[in-house]
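Below: the structure, in structure tokens.
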Amino acid sequence: MNRRLPVLRIGAASAVAALCLTAVPQAASAAPPATPPGLAQQDTLRWNTPKDFRIGSAVAGGGHHTSADYPEPFPSDPEYRSVLAREFSSLTPENQMKWEFIHPEEGVYDFGPADDIVDFAEANGQVVRGHTLFWHSQNPDWLENGDHTPEELRAVLKEHIYTVVGHYEGRIQQWEVANEIFDDSGRLRTEDNIWLRELGPGIIADIFRWAHDADPNAQLFFNDYNVEGLNAKSDAYYALIQDLLAQGVPVHGFGMQTHLGLQYGFDGRMQQNLQRFDDLGLETAVTEIDVRGPVGADGQMSPELRQKQADWYRMALEACLAVEDCNSFTVWGVLDEHSWVPNTFPGYGDALTMEGGYERKPAYDALQETLVRSQPGGDAKWEHHPAFR
Ligand code: 9MR
């Protein structure tokens with residue numbers, strides 16, 4: 001992909017809206033209606049995304065949402081669904097494909113909530129990122145506290161991957177096959193990851209081979225947090241992936257979750273880091289971005305911090321857009337009110353790009369502006385919209 005990011009700076013959201021209107025081209029043939037259904041304004045993230053690039057969101061449900069004081073928004077809230085469809089071209093089930101939800105009892109699968117997301121995505125011209133097949137967290141009790149022998153565990157894992165990946169064959173763009181397998185010092189999680197502990201590191205190659213066998217068209221990813229910059233953890237992935245590729249293991253991508261905190265720095269080498277994985281022939285992606293900061297009693301950061309947050313969103317998106325095969329950028333939820341952050345980090349939050357009644361924060365405007373700037377002269381924004389398929 002050939003994208004250019006001109007130095008032109010556009011400050012105000014209103015300028016962005018004006019730019020969107022002038023930069024969006026008309027279709028060369030089969031002219032689209034002037035006002036596409038569900039897309040009355042060309043003022044969305046999705047509309048302004050380069051045609052071979054996906055802007056995504058997690059779909060709230062499961063996990064911390066199960067104990068929240070709101071009904072799960074995806075099944076129950078038409079406005080939530082409409083914003084998802086309008087703003088994003090890629091969806092990731094936030095929890096609904098994790099082991100504890102999709103495989104709650106041994107040999108029993110519950111595909112319902114994840115099926116609903118995949119159906120919705122297809123109806124709206126969106127792709128789906130599958131999350132996740134191999135992790136140390138959110139595993140069901142029957143697995144973590146069972147008494148399986150290593151041979152049985154291997155069979156359980158293989159059956160799970162064939163069943164889940166096979167169930168969605170042809171419908172998942174990218175699978176997060178292995179999630180968070182290294183700790184921050186770059187050591188494999190051989191204690192808290194049941195599979196690595198019981199089966200050893202050799203299982204990593206097997207799960208990629210099984211997933212590829214079950215869906216040869218899905219792109220198979222590693223995924224982790226704190227790997228945006230150059231550090232021991234990203235170095236560990238870089239070495240492991242080179243090793244696996246040399247063995248012919250079907251690894252296709254590296255995902256940077258990008259859960260950032262304003263109290264830490266932004267590693268300015270994110271583009272360089274993405275590039276080195278790109279140079280291995282991989283797809284790369286920003287898979288779960290949010291940018292948290294200290295909040296007051298109202299749950300909000302200061303305006304100054306919100307501006308800094310917007311800058312960090314912009315820098316992450318610019319890094320991705322600048323790398324040839326960084327083709328997907330996903331925010332870890334739509335609304336601050338649904339975010340996992342305040343649950344896990346009390347006193348921190350305000351981490352996403354919209355709040356309340358889907359009001360846009362400076363971070364939203366920064367993303368939209370960056371998408372617009374990435375394609376001066378315009379590109380086929382409407383291509384991924386169902387109205388034009
Ligand atoms: O957002 C998810 C939240 O609803 C769950 O309660 C939590 C449980 O671990 O997982 C959150 O999502 C995580 C993702 O699956 C993997 N990367 C870190 C994310 C934030 O914790």
Side-chain angles (χ1 to χ4, degrees), residues 56-77 80 84 88 90-104 113-114 117 128-141 143-144 160 164 172 174-184 189 192-196 220-228 233-234 237 253-262 264 284-293 316 328-354:
S57 175
V59 180
H64 75 282
H65 304 286
T66 53
S67 53
D69 60 0
Y70 49 80
E72 290 214 350
F74 181 71
S76 65
D77 182 349
Y80 179 84
L84 269 189
F88 301 103
S90 174
L91 300 181
T92 306
E94 186 174 352
N95 294 287
Q96 301 89 333
M97 287 184 176
K98 293 173 180 173
W99 273 72
E100 68 174 357
F101 288 96
I102 211 162
H103 199 164
I117 295 169
V128 178
R129 305 192 75 257
H131 179 80
T132 174
L133 301 169
F134 182 99
W135 193 22
H136 63 271
S137 181
Q138 289 185 275
N139 288 326
D141 207 45
L143 175 65
E144 288 286 346
H160 178 94
V164 175
I172 300 288
Q174 298 177 339
W175 263 110
E176 243 101 74
V177 174
N179 196 42
E180 301 173 8
I181 62 168
F182 287 106
D183 66 19
D184 282 353
R189 291 182 187 265
D192 46 358
N193 182 308
I194 183 174
W195 313 111
L196 294 173
L220 306 182
F221 272 62
F222 284 96
N223 189 51
D224 213 324
Y225 60 88
N226 288 352
V227 292
E228 296 73 34
K233 198 179 196 177
S234 60
Y237 277 103
F254 184 60
M256 298 181 180
Q257 292 180 8
T258 321
H259 293 292
L260 303 178
L262 291 173
Y264 310 114
T284 54
V286 170
T287 57
E288 307 182 7
I289 191 170
D290 46 32
V291 183
R292 62 186 180 272
S328 175
F329 185 96
T330 291
V331 290
W332 204 235
V334 181
L335 284 181
D336 281 334
E337 284 77 358
H338 299 149
S339 167
W340 68 288
V341 169
N343 278 277
T344 305
F345 303 109
Y348 288 81
D350 208 349
L352 294 170
T353 69
M354 293 189 210

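All ligand and atom numbering here is 1-based and tracks the order in the structure.
Of the N or O atoms in H131, one or more lie within a sub-3.5 Å distance of an N or O in ligand 1. The shortest N or O to N or O distance between W135 and ligand 1 is not below 3.5 Å. Geometrically, ligand 1 and H65 share no nitrogen or oxygen pair separated by less than 3.5 Å. For the pair H64 and ligand 1, the shortest N or O to N or O distance falls below 3.5 Å.
Side-chain N or O atoms of Q96 include one that pairs as donor or acceptor with a backbone N or O of V59 at under 3.5 Å. Between the side chain of H338 and the backbone N or O of G61 there is no donor-acceptor pair closer than 3.5 Å.
Aromatic ring orientation, W99 versus H160: parallel (interplanar angle below 30°, classes split at 30° and 60°). Using cut-offs of 30° and 60° on the angle between ring planes, the pair W135 and H131 is tilted. By the 30° and 60° cut-offs, the orientation of the rings of Y237 relative to F254 is tilted.
Only the side chain of N179 comes within 4.0 Å of ligand 1, judged by heavy-atom distances. Contacts with ligand 1 closer than 4.0 Å are made by side-chain heavy atoms of N95 only, the backbone lying farther away.
The protein non-hydrogen atom at the shortest distance from atom 17 (N) of ligand 1 is E288 OE1, 2.7 Å.
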